Amino acid sequence: MARPSRPLVLSAAVLTMAGCALQAPPKPEEIRAQALPHVAVPNAWKATGSEGPGAPAPGWLATFGEPQLDALVREADRYNADLQIAAARVEQAAAYAKLAGATIYPAVNLLARGGGKLGGDQSGLSGVGLFASWELDIWGRVRAERAAGAEQYEAAAADAFYARQSIAATTAKSFMLAIEARLQLAIASDIVSSTEQTIGLARDRLRVGAGDEYDVTLTEANLETARDAARQLALGYEQARRALETIVGRYPAAELDVPAALPRMPGPVPTGLPSELLERRPDVIAAERRVAAAFHRVAEAKAARLPKFALTAGVTSISSELFVLKSHSNPVVSLGANLAAPIFNGYALEAQVDIRNAEQQLAIAEYGRVGLRAFGEVETALSSGFTADEREAILARSVASNARTLELAQVRYRVGSGDLRAVLQQNVALYGARTALLHVQTERLVQRVNLHLALGGSFVSGAPGAAVGSDTESPRDAELASTAPAQNAGIANARVRH
């Protein structure tokens, strides 16, 4: 049996212990300085108005006080197709991270061979061998590859978590838009009914000789216009319900029923400080992890230009029915070492370093884009919300004034001191004011959801995988709760750095 050289073993141990330490990736504040060099983050949000003090709290979905919305979000969280894609990407990233760290361990393989006349082999050789090889990660190439895979996995997990928040927000906004479509249809039906009453009044005046046929035909034309508008709104209501059903993973049959009133407007939202936003948003955290992954890939590419050292070992046993083997011992044990150093490869390794450096610069630029977009989304949601609050008060007064004016116009027409055109015009004005008021009321709720999403708050109160909604569940809720799809397991258990 060949005895291993003691100096060889000692040299391998010394090389392993003296391996280059893996450098830490840039800190978040260093990434921000590079990615957002021209952005001066203020001490408070610039949008006019004020919200609640303190940091945003999780569980914003419950603040709307709508059990059906809670159930729909829970349903979308389980069956939405985009979340299934996000979960698959998390699993893919986890597998890639596992693959990237595989070469840090020794590789062991077994080789066996059997001979004989039955197998058509005339040599008569047979044997078995166990072989092992282990690359000594002297320069940190393998460790950098493994670290890059781990950072990429955390980025995918953060993306998946943000996808959950986005789907919850999209479900909530679609739910409110579907309610608005139902209420807009109800307003249009009121206009049709009001116009029909006006036709009756015009015909009565024509019958007693106080009116003319022009008023009747004019009112009939306005009635058909109102009916057409109502039919378009009915189609919009169907489309809104189909969109909501698609989000939650159902067949788009337009059979989902929504409430006949909008949810109540929640109280003020704690917005926190602008400087804290980038530490809280999952999509910004994902971009930060991609910068770290690109940093480790640069280190991996640089280490690939240096020599590779590997230890090899083997145990073999060979026998033959036809030949006499000259080996002094059987089995044979061997131990050795390999050295592979790149000399010239057409500048391929240098080009790989340049590629990884460019990818790191791209990741930093992407971080800046995501961070700046996050600031813009918060400011836009705050400004839009404050504007909608002011517009609601204005439009409420406009609806009241138009309603009173319509009453007066109808009285004047009945007594003969006014014409029918004033009544019809005022009817249209009241319809427009009611429609605008409803739209602004819905916009307030939509912008509140946008604000929660922009601030990076979670729609659930507990961990990412916590249940959504109240303790009381319908039979459909119980069916959904009993199902545990694989996508939530990957997303909920993902480790996201804050």
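FYI, the numbering just counts along the sequence from 1. A quick note: this is a predicted structure, and the numbers were derived from the prediction, not measured.
Side chain of T63 to main chain of G59: no donor-acceptor pair is present (N/O by atom type, distance under 3.5 Å, no hydrogens or angles). Formation of a donor-acceptor pair under 3.5 Å by the T217 side chain with backbone atoms of Y214 is found in this model. Put simply, the side chain of D77 never gets that close to the backbone of V73: no donor and acceptor are under 3.5 Å apart. A distance-only check finds a donor-acceptor pair linking the side chain of R448 to the backbone of G267 [under 3.5 Å]. At distances below 3.5 Å, at least one donor-acceptor pair connects side-chain atoms of E245 with backbone N or O atoms of L256. Remark: side-chain polar atoms of Q152 are not paired, donor with acceptor, to backbone N or O of A97 under 3.5 angstrom. Remark: the backbone N or O of S401 is paired with a side-chain donor or acceptor of T405 at under 3.5 angstrom.
In this structure, R444 pairs ionically with D389, as a charged nitrogen and a carboxylate oxygen lie closer than 4.0 Å. For the pair R297 and E300, the salt-bridge criterion is not met [side-chain N within less than 4.0 Å of a carboxylate O]. Salt bridge annotation for R32-E279: present, with a cationic side-chain nitrogen under 4.0 angstrom from a carboxylate oxygen.
Remark: E407 pairs with R404 by the side-chain hydrogen bond (donor to acceptor under 3.5 Å, both in side chains) rule, at least two apart or across chains. Residues satisfying the side-chain hydrogen bond (donor to acceptor under 3.5 Å, both in side chains) test with R434, not counting sequence neighbours, are D190. In this structure Q232 satisfies the side-chain contact (heavy atoms from CB on, under 4.5 Å) test together with D228, sequence neighbours excluded.
Inspection of the E443 and Q447 side chains reveals an N or O donor paired with an N or O acceptor under 3.5 Å. A donor-acceptor contact closer than 3.5 angstrom is absent between the side chains of E377 and N450.
Closest of all the heavy-atom pairs between G457 and Q165 is O-OE1, 3.6 Å. Among all heavy-atom pairs drawn from A396 and L437, the shortest one is N-CD1, 3.9 Å. Between W60 and A169 the shortest heavy-atom distance is CH2-CA, 4.0 Å. Closest approach of A409 to V423, counting heavy atoms only: O-CG2, 3.4 Å. Nearest heavy-atom pair, V440 versus A388, reported as atom, atom and distance to 0.1 Å: CG1-O, 3.3 Å. Closest approach of A429 and N402 over heavy atoms only: CB-OD1, 3.4 Å.
The CD1 atom of I199 lies 6.0 Å from the OG1 atom of T219; values are rounded to the nearest 0.5 Å. A distance of 5.0 Å separates NE2 in H296 from CD in E151, rounded to the nearest 0.5 Å. Taking CD of Q425 as the start and CG of N222 as the end, the distance is 9.5 Å to the nearest 0.5 Å. Atoms CZ and CD, from R397 and E392 in turn, are 11.0 Å apart once rounded to the nearest 0.5 Å. Going from atom CG of N427 over to atom CD of Q197 covers 9.5 Å, rounded to the nearest 0.5 Å. Rounded to the nearest 0.5 Å, atoms CD1 (I167) and CG (D82) are 5.0 Å apart.
For the pair R241 and Y237, the cation-pi test (distance below 6.0 Å, angle within 45°) is passed.
Residue pairs that meet the salt bridge (Lys or Arg N to Asp or Glu O under 4.0 Å) test with at least one member in residues 209-226, sequence neighbours left out, are R203-E220, E224-R227. Within the structure, the salt bridge (Lys or Arg N to Asp or Glu O under 4.0 Å) test picks out the following pairs touching residues 254-270 (sequence neighbours left out): R182-D257. For residues 399-448, no residue pair satisfies the ring-ring contact (aromatic ring centres under 6.0 Å, His included) rule, not counting sequence neighbours.
Contact annotation: the side chain of I187 approaches that of T435 to within less than 4.5 Å [non-hydrogen atoms, C-beta and beyond]. Side-chain atoms of L61 and V460, non-hydrogen and from C-beta on, never get closer than 4.5 Å to each other. The shortest side-chain heavy-atom distance between E366 and L362 does not fall under the 4.5 Å cut-off. Considering only heavy atoms from C-beta on, L451 comes within 4.5 Å of L455 through its side chain. Side-chain atoms of Y162 and R281, non-hydrogen and from C-beta on, do get closer than 4.5 Å to each other. For the pair Q361 and N357, the minimum side-chain heavy-atom distance is 4.5 Å or more. Using a 4.5 Å cut-off on side-chain heavy atoms (C-beta onward), D159 and P282 make no contact. You'll find the side chain of F64 reaches within 4.5 Å of the side chain of M176, heavy atoms only.
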field: Test salt bridge (charged side-chain N to carboxylate O under 4.0 Å, His left out) applied to R356 and E359, step by step
entry: CA-CA 5 Å; R356 296 306 189 191; E359 289 176 350; 2.8 Å; yes
- prompt: Checking side chain to side chain contact (heavy atoms under 4.5 Å, CB included) for the pair I179/T442: CA distance, chi angles, key distance, verdict?
  reply: CA-CA 9 Å; I179 296 176; T442 307; over 6 Å; no
- request: Would you sort out whether Q34 and Y367 count as a side chain to side chain contact (heavy atoms under 4.5 Å, CB included), showing the intermediate values?
  value: CA-CA 10 Å; Q34 296 182 53; Y367 177 91; over 6 Å; no
field: R250/E75 under side chain to side chain contact (heavy atoms under 4.5 Å, CB included): CA gap, chis, key distance, verdict
entry: CA-CA 9 Å; R250 298 187 194 179; E75 188 174 350; 2.7 Å; yes
Intermediate values then yes/no, side chain to side chain contact (heavy atoms under 4.5 Å, CB included), E196 and V192: CA-CA 6 Å; E196 289 174 345; V192 171; 3.7 Å; yes
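At most 12 heavy atoms of other shown residues, nucleotides or ligands fall within 6.0 angstrom of atom CD in Q23. Counting heavy atoms of neighbouring residues, nucleotides and ligands inside a 6.0 Å radius, atom NZ of K302 does not exceed 12 of them. More than 12 heavy-atom neighbours from other residues, nucleotides or ligands sit within 6.0 angstrom of CZ on R242.
Tested against S275 for a side-chain contact (heavy atoms from CB on, under 4.5 Å), the candidates L273, L278, L277 yield a single pass: L273.
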